[in-house]
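Comments concern the structure below.
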Amino acid sequence: MSNVIETKNLSKVYKGVVPVHAVDNVDLQIEDNEFTAIVGPSGSGKTTLLNIIGGLDRPTSGNVLVNGNELASLNDNQLIDFRLKHIGFVFQSYNLIPVLTAKENTEFIMLLQKISKQERDERVEKLLTDVGLGDKMNSRPTQLSGGQQQRVAVARALASKPDFILADEPTANLDSKSAENLLDIMLRLNKEEGVTFVFSTHDQRVIDRARRVITLEDGKIVKDERK
Amino acid sequence: MIVKVAWRNIWRNRLRSSVIIIALSLGLWAGIFASAFVQGMMKQKVESVISKEMSDFQVHHPDYREEKLPNLIIEDSETIQADIASNEYVIASTGRVIIEGPAVSTSHKEGMIRLIGIDPKEEAMVTGLEGDLIEGTYFEGIKKNPILISSKTAEEYGLELKSKINFRFLDIHGDVHQVGFRVVGIYNSGNPMMDGMKAYALRDDVKSHLGIETGFHEIAVSLNDHNQAEPLAEKFQNKYENLEVIPWLDLALGMRYMIDAMGMYTVIIVGIILFALLFSILNTMLMAVLERTREIGMLMAVGMAKQKVFFMIMVETLFLSLIGGPIGLLVSYLSISYFGSAGINLGDAAYGEMGFSNIIYPYLESSEYVKVGIMVFFMALFAAIYPSVKALRLKPVEAIRK
């Protein structure tokens, strides 16, 4: 299998009186169709690593390759465009647009990609049905539970047909039932649709079901376990 | 979709958006209505100056306005008046014989009033004097020296119908005359200041008292188009080089400057109000951007280009302004239309003493609404820039954590 994500000597240092090595010389390869959890204690660098992989933050040194494309060579505007076309994001706090319905939130990314209305309609319906919200298409975020909102966020992340999905603590704000439910959907998408997931988590149930678990401590990979 | 999001965003905080929209509407209305009030007042003043005081243009002996001597008569007055009256723009003309500033005395008071000798029919056509009559008759019923005085004069000098009023003046030979006139009618032209300065008698009576056999001191001309006053005055000035032909704008000192200044009045008043409102809108949008930092960060994170984020905030600000703007314009239009026909009665306010009518009919050229609309649009654009730039400067990695 080919590497979707590859990092080489990746480091991120926050300057200060005492410099903080949030990510320290990380070499990492993530293959297509992987379901990878990045775990570690608070402050271990999980979110920073995800941000750098997702092109939201720039490393102090080293490089990130996404399907062979070197992110360091892209300027800010090119990075935005790259994220739109290649990376799906799921955030801990869902971050849906509150004034749009579930359908419109999912459709929004495709509009930015200038996808035709017919294709948008078909894909939105399929995505929301896949995440179990076929009957909530016209509900606004305030009318949905946390778990449902996070499922809309997953549908939105998939809408642009990204190379992979980055999820930062996707179950952190969910009750156990909603977390299980979300995890089931992510695993099914991974298995049936071949969607690559990389996510950070503290949740042991999520860690237990991940097929690869990378453990970070003080910005370094201390363990990389495939199940 | 961006426009749809922008539209829905402004209704997230309905109270805040409504307050801004109402403030903008009220501010605009206040500015426009104040402007319309002053412009209406000025328009009435201009109409009054033309129809009641100056006419569109006047003809005099070249030294008359300077020296005001009774012997400075227009030669061949009747012929010149007839020539002017034959012009296509002229709707009426009249020849006047004037006693400038004679001493006036009644049993109550002494003072000075300009006595204008008129042909009642001609004068009625030019100044509508007959229509201003509020008491008595229009030179009927009293055969010897009838005089028409204003209600202000009647009040000041304690006069009523048939009261006697004495004028003392010099005739063309320099001899002093004292003549008694009897009040035949009392008029009110709506301009107390001007009314109080003059009285009307029959032209033949005044001519006879001054010792003038033929001719007038003044020919006043009314046109069907006030814009023709200057070109036509120039034309007749060229024709009658030995006379002075002068349009109303040059007769009414200061009017030309006031009219020029009026052109800028709306822009200045509304401009000041919009400038203040600009900061309210800017503040509202800035708060909206700061409250949505995480959301805007998310939009950038998932791939929304910076120019689209900029555009979205610009559109939100424009929506906010362009809802309030038309409401303000509409309310202004409706209120100006209503009071433009109903009038605003200032009662005995001091405006009358300043030469303005006591009832003001607000008026605004339709082009002024367009001008204000354009000003609102540009104000909205200016107000939108800073919040949009603020949104643009957000870094997604920091913004999504907030």
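As the structure is a prediction and not an experimental result, all values here were calculated from the model. Only this structure's heavy atoms are used, side chains among them; waters, hydrogens and symmetry mates stay out. In what follows, chains carry the letters A, B, and so on, assigned in the order in which the sequence lines appear, proteins first and then strands, with residues in each chain numbered from 1.
Within a 6.0 Å sphere centred on OH of B:Tyr338, other residues, nucleotides and ligands contribute 12 heavy atoms or fewer. Surrounding NZ of A:Lys8 are at most 12 heavy atoms belonging to other residues, nucleotides or ligands under 6.0 Å away. The environment of CZ in B:Phe310 is crowded: more than 12 heavy-atom neighbours from other residues, nucleotides or ligands sit within 6.0 Å. The 12-atom threshold is exceeded at NZ of B:Lys371, counting heavy atoms of other residues, nucleotides or ligands nearer than 6.0 Å. Other residues, nucleotides and ligands contribute more than 12 heavy atoms inside 6.0 Å of the CD atom of A:Glu193. Annotation for B:Phe382: atom CZ does not count as buried by contact number, only 12 or fewer foreign heavy atoms lying within 6.0 Å.
Looking at A:Pro98, the atoms closer than 4.5 Å to chain B (heavy atoms on both sides) sit in the backbone and in the side chain alike. When heavy atoms are compared at a cutoff of 4.5 Å, A:Glu104 approaches chain B by way of both its backbone and its side chain. Within the 4.5 angstrom heavy-atom criterion, atoms from both the backbone and the side chain of A:Leu112 approach chain B. Looking at A:Leu111, only its side chain comes within 4.5 Å of chain B, counting heavy atoms on both sides.
Checking side-chain atoms of A:Arg83 against main-chain N and O of B:Ala301 turns up a donor-acceptor pair under 3.5 Å.
In terms of heavy-atom pairs under 4.5 Å with chain B, the best-connected choice from A:Gln113, A:Arg140, A:Gln92 is A:Arg140. Listed options A:Ile109, A:Ile97, A:Leu84, A:Asp168 were ranked by heavy-atom pairs under 4.5 angstrom with chain B; first place goes to A:Leu84. Put simply, of B:Lys306, B:Met304, B:Gln307, the one with the most heavy-atom pairs under 4.5 Å next to chain A is B:Met304.
Closest approach of B:Val302 to A:Phe91, counting heavy atoms only: CG1-CE1, 4.2 Å.
Contacts with chain B (heavy atom to heavy atom, under 4.5 Å) involve these residues of residues 45-78 of chain A, listed by number: A:Asn51, A:Leu56, A:Asp57, A:Asp76, A:Asn77. The contact list for residues 4-14 of chain B toward chain A, using heavy atoms and a distance under 4.5 Å, reads B:Lys4, B:Val5, B:Arg8, B:Asn9, B:Arg12 by residue number.
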